[in-house]
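Position 1 is the first residue of the sequence; numbering continues from there. Predicted model, so just to flag it, every value in this text is computed and none were measured. Heavy-atom basis, side chains included; hydrogens, waters and symmetry copies ignored.
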Amino acid sequence: SSGINAEWPLRPGPEESFVGLQSLGYTFTPNFLELCGGNLHLPRVHYVDEGPPNSDRVILLIHGEPTWSFLYRFMIKSLASNGYRVIALDFIGFGKSDKYTSLDMYTHDLHTLT
């Protein structure tokens with residue numbers, strides 16, 4: 001069993017928490033990926049995707065706890081301006097990704113889906 005319960009309520013990252021980030025260098029267009037869980041309603045994962053979209057040089061930035069893609073805002077710009085496609089995700093429950101309203105939902109199985 002995955003321990004994932006489709007009935008747990010989700011909420012998006014609260015937009016009011018992200019006001020003013022542009023002045024701090026976080027100027028990226030938000031992208032969201034809906035995880036495939038069959039009939040399960042799974043959280044949306046937010047990610048930044050910058051640089052040439054067809055570049056064969058791709059860098060994936062994965063944050064630790066308790067950070068999110070904001071941590072990499074200066075690296076993303078530098079790498080993208082040097083021809084890299086840069087993808088930085090926010091794990092479920094972090095940054096602009098959806099959040100469960102119950103801490104019981106945050107399991108190892110859930111995070112391995114990301």
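Residues H46 and S97 share a closest heavy-atom pair of N-OG, 2.8 Å. Nearest heavy atom pair, residue P52 against residue A80, reads CD-O, 4.1 Å. When every heavy atom of R44 is checked against every heavy atom of D98, the shortest pair comes out as N-OD2, 2.9 Å.
In this structure, the side chain of R73 does not engage the main chain of Q22 through any donor-acceptor pair within 3.5 Å. Checking side-chain atoms of S23 against main-chain N and O of G20 turns up a donor-acceptor pair under 3.5 Å. Side chain of S55 to backbone of Y84: no donor-acceptor contact under 3.5 angstrom is found. At distances below 3.5 Å, not a single donor-acceptor pair connects side-chain atoms of D49 with backbone N or O atoms of I87. N31 contributes no side-chain N or O that, together with a main-chain N or O of V48, makes up a donor-acceptor pair within less than 3.5 Å. Counting only distance, with no hydrogens or angles, the side chain of S69 and the backbone of A88 share no donor-acceptor pair below 3.5 Å.
Taking the six-membered ring where the residue is Trp, F70 and W68 present parallel rings, their angle staying beneath 30° rather than reaching 60°.
Inter-residue side-chain proximity for F91 and I62 is flagged as met; some heavy-atom pair is nearer than 4.5 Å. The closest side-chain heavy-atom distance from K77 to T27 is below 4.5 Å.
Residues I76 and F74 do not share a hydrophobic cluster, clusters being chains of Ile/Leu/Val/Met/Phe/Trp/Tyr side chains in contact below 4.5 Å. By the rule that hydrophobic residues join a cluster once side-chain heavy atoms approach within less than 4.5 Å of another member, L24 and L71 end up as members of one cluster. Y26 and F32 fall into different hydrophobic clusters, where Ile, Leu, Val, Met, Phe, Trp and Tyr residues are linked whenever their side-chain heavy atoms come under 4.5 Å apart, directly or through other members.
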Kindly indicate, with the supporting measurements, whether the criterion ring-ring contact (aromatic ring centres under 6.0 Å, His included) is fulfilled by Y72 and H63.
CA-CA 8 Å; Y72 298 115; H63 66 82; 7.8 Å; no
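With salt bridges taken as basic N to acidic carboxylate O contacts below 4.0 Å, none links K96 and D90.
Going from atom CZ of R57 over to atom CZ of R85 covers 14.0 Å, rounded to the nearest 0.5 Å.
For CG of L60, the number of neighbouring non-hydrogen atoms (other residues, nucleotides, ligands) closer than 6.0 Å is greater than 12.
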